[in-house]
Trainee: 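Can you keep this structure in mind? I'll have questions shortly.
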Protein chains: 2
Amino acid sequence: MAMGRPRAFDADAALDEAMEVFWRHGYEGATIAQLTDAMGINPPSLYAAFGSKEGLLKAALDRYSGRRAAFMEDVLNAPTARAVAEKMLLGIADTQTDPANPPGCLLVQGGLACGTGSENVPFELAARRAQTEDQLRERFAKAKADGDLTATADPSALARYLSAVTVGMGVMASSGADREALRQVAVVSLKAFDEQSAAR
Amino acid sequence: MAMGRPRAFDADAALDEAMEVFWRHGYEGATIAQLTDAMGINPPSLYAAFGSKEGLLKAALDRYSGRRAAFMEDVLNAPTARAVAEKMLLGIADTQTDPANPPGCLLVQGGLACGTGSENVPFELAARRAQTEDQLRERFAKAKADGDLTATADPSALARYLSAVTVGMGVMASSGADREALRQVAVVSLKAFDEQSAAR
DNA sequence: CCACATCTGTAGTGAACACTACATTTCTGG
DNA sequence: CCAGAAATGTAGTGTTCACTACAGATGTGG
């Protein structure tokens, strides 16, 4: 029953380009013209494949999450809560200043506040940031059960704290902070873990 | 030689309303129609008084800084580096969840990434965030000279760290974190100061 | 009270926006 | 090899955007 003309572009490669545009200009600052230009396609192809500008963003966010999955797995597999935090913060310092990408974090740069009609976008980004925080919370709860964190430690507060620091680092990166500056922030942040980590 | 018809609206009150619109929707998400509506004036009055949308933003930012000046002075006058950090972080937790304002910080919500033609906006916001960081750096340098911080402490890194945490808290507030959650972040953050504060 | 400077409201301006109609092309199943 | 299904390129669509021309209103200095 006929399958139709096949897509002439690589959707994943196109998404990578779209991701970069959203990353650099934010959701509202990115225009369809910029996106189609970067993706090397025409508007009808974009809409046929992704439905809308917001659909394209979500697809780009999925791809962003995919890229990060390996990193997060590595982080969460670190042996102690303190090691988790260290891997997370120093890793973030590096990735957010990786010259291969726009500086900062797409989940922050994408848009914290949007105009009428795009109110979903900040929600969507916040939900995805919350996923990372949840992973950290669970990891720290386990660390507490393991006796790796002291009995008075609050896994939820620690996860929130780590999440806040990483977001803050992302904003600093996007406004020009270099890798060394972010590493300094990471090093200071880690001191907050010393007290509640079990002696080793 | 004739002074012309006097302005019929209170520029400061109008700026407060404009500030709120920018705060809630970001620079690009805020439309002139929303701004004039909130300010209770018509576009020609806006342009006569502030020159452009970007000029209006700068005026609103000036007013925002003014509002914060008293708070920052209080923070910087705290007796020790640790007390400065505590006042800063707990104060920020409160102001960023003050129901009288949109959640978060205008200097972050205003726009981290913007479209072509508004590239100045992120720069402008970053420059104003850097002012606070500079104030903190100077205050911590003084604390080190006073012997209030240990000889190995790095005032610049501490200021950057505090700046990163406050920005992170602002983003969390804007995505729905309540006051108690931000205070938890503040409390954890403060632990990073313990080690490098002189015993008392 | 008059000349003039400035503000105000109405009603637009051109440009840029997200999105799409349509004719054409390129494939697959039978 | 043909009928149908889906993607493509061209060239728009209506809407919304930041911004403004203009005429009338309202004040001050002389």
Side-chain angles (χ1 to χ4, degrees), chain A residues 1-15 17-19 21-22 24-60 110-111 113-122 124, chain B residues 1-15 17-19 21-22 24-60 110-111 113-122 124:
Chain A
M1 43 186 61
M3 298 284 264
R5 178 175 176 174
R7 182 175 288 155
F9 63 96
D10 176 349
D12 283 341
L15 272 180
E17 300 299 327
M19 190 194 304
V21 174
F22 282 132
R24 205 172 287 283
H25 297 290
Y27 176 74
E28 294 194 309
T31 69
I32 296 291
Q34 285 175 322
L35 289 164
T36 53
D37 202 47
M39 297 166 84
I41 61 177
N42 290 308
S45 299
L46 189 160
Y47 284 90
F50 305 106
S52 64
K53 187 183 178 185
E54 199 169 327
L56 175 62
L57 175 70
K58 285 182 184 169
C114 278
T116 312
S118 306
E119 297 92 344
N120 274 34
V121 171
E124 185 73 28
Chain B
M1 41 184 60
M3 299 283 264
R5 178 174 175 175
R7 182 175 286 156
F9 64 95
D10 177 349
D12 283 340
L15 271 181
E17 300 299 327
M19 190 193 305
V21 175
F22 282 132
R24 206 173 287 284
H25 297 291
Y27 176 75
E28 294 193 308
T31 69
I32 296 292
Q34 285 175 322
L35 290 163
T36 52
D37 202 47
M39 298 166 85
I41 61 177
N42 290 306
S45 299
L46 189 161
Y47 283 90
F50 305 106
S52 66
K53 187 181 177 186
E54 199 169 325
L56 176 62
L57 174 70
K58 285 183 183 168
C114 278
T116 313
S118 308
E119 297 93 345
N120 274 33
V121 171
E124 184 73 27

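Throughout, protein chains are lettered first and strands after them, A, B, ... in sequence-line order, and every chain is numbered starting at 1. Everything numeric here is computed off the predicted structure, so don't read it as measured data.
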Trainee: Base, sugar-phosphate, or nothing for B/P44, non-hydrogen atoms under 4.0 angstrom?
Mentor: base
Trainee: What nucleotide among C/dC7, D/dG27, D/dA18 has an atom nearest to a side-chain atom of B/R7?
Mentor: C/dC7
Trainee: Report the distance from atom CD1 of B/I32 to atom P of D/dC17, rounded to the nearest whole Å.
Mentor: 10 Å
Trainee: May I have the distance from A/Q34 (atom CD) to C/dA16 (atom C1'), rounded to whole angstrom?
Mentor: 12 Å
Trainee: Measure the distance from CG on B/D10 to C1' on C/dT8 and round it to the nearest whole Å.
Mentor: 17 Å
Trainee: Write down the distance between OH (A/Y47) and P (C/dC22), rounded to a whole number of angstrom.
Mentor: 18 Å
Trainee: Whole Å only: how far is the CG atom of B/L46 from the P atom of D/dC17?
Mentor: 15 Å
Trainee: Send over the distance from A/I41 CD1 to D/dT8 P, rounded to a whole Å.
Mentor: 7 Å
Trainee: For the pair made of CE in B/M39 and P in C/dC7, what is the distance, rounded to whole Å?
Mentor: 14 Å
Trainee: Does C/dC7 have OP1 or OP2 under 4.0 Å away from a side-chain N or O of B/S45?
Mentor: no
Trainee: Return the CG to CD1 distance between B/L46 and B/I41, rounded to the nearest 0.5 Å.
Mentor: 4.5 Å
Trainee: For A/P6, answer base if it contacts any base atom (sugar-phosphate contacts may also be present), sugar-phosphate if it contacts only those atoms, and nothing otherwise; contact means non-hydrogen atoms under 4.0 Å.
Mentor: sugar-phosphate
Trainee: To the side chain of B/S52, which of D/dC19, C/dA21, C/dG9 is closest?
Mentor: D/dC19
Trainee: Look at the side chain of A/R5 and the base of C/dT25, then say whether one donor and one acceptor between them are separated by less than 3.5 Å.
Mentor: yes
Trainee: Test the B/R24-B/F22 pair against the cation-pi criterion, namely NZ or CZ under 6.0 angstrom from the six-membered ring centroid and within 45° of the ring axis.
Mentor: no
Trainee: Between D/dG29, D/dA18, C/dG9, spot the one nearest the side chain of B/M3, thanks.
Mentor: D/dG29
Trainee: How about B/F50 and B/K58: do any of their side-chain heavy atoms sit closer than 4.5 Å?
Mentor: no
Trainee: Take the protein atom CG of A/D37 and the nucleotide atom P of C/dA18, then report the distance between them rounded to whole Å.
Mentor: 13 Å
Trainee: Kindly point out which of D/dC19, D/dG9, D/dG27 is positioned nearest to the side chain of A/N42?
Mentor: D/dG9
Trainee: Would you say A/Q34 and B/T116 make side-chain contact, with heavy atoms under 4.5 Å?
Mentor: yes
Trainee: Residues two or more places apart in sequence or in another chain: which of them pass side chain to side chain donor-acceptor pair (under 3.5 Å) with A/E124?
Mentor: A/R128
Trainee: Let me know, please, whether A/A30 or B/A48 comes out on the 5' side of the other along DNA chain C by nearest nucleotide.
Mentor: B/A48
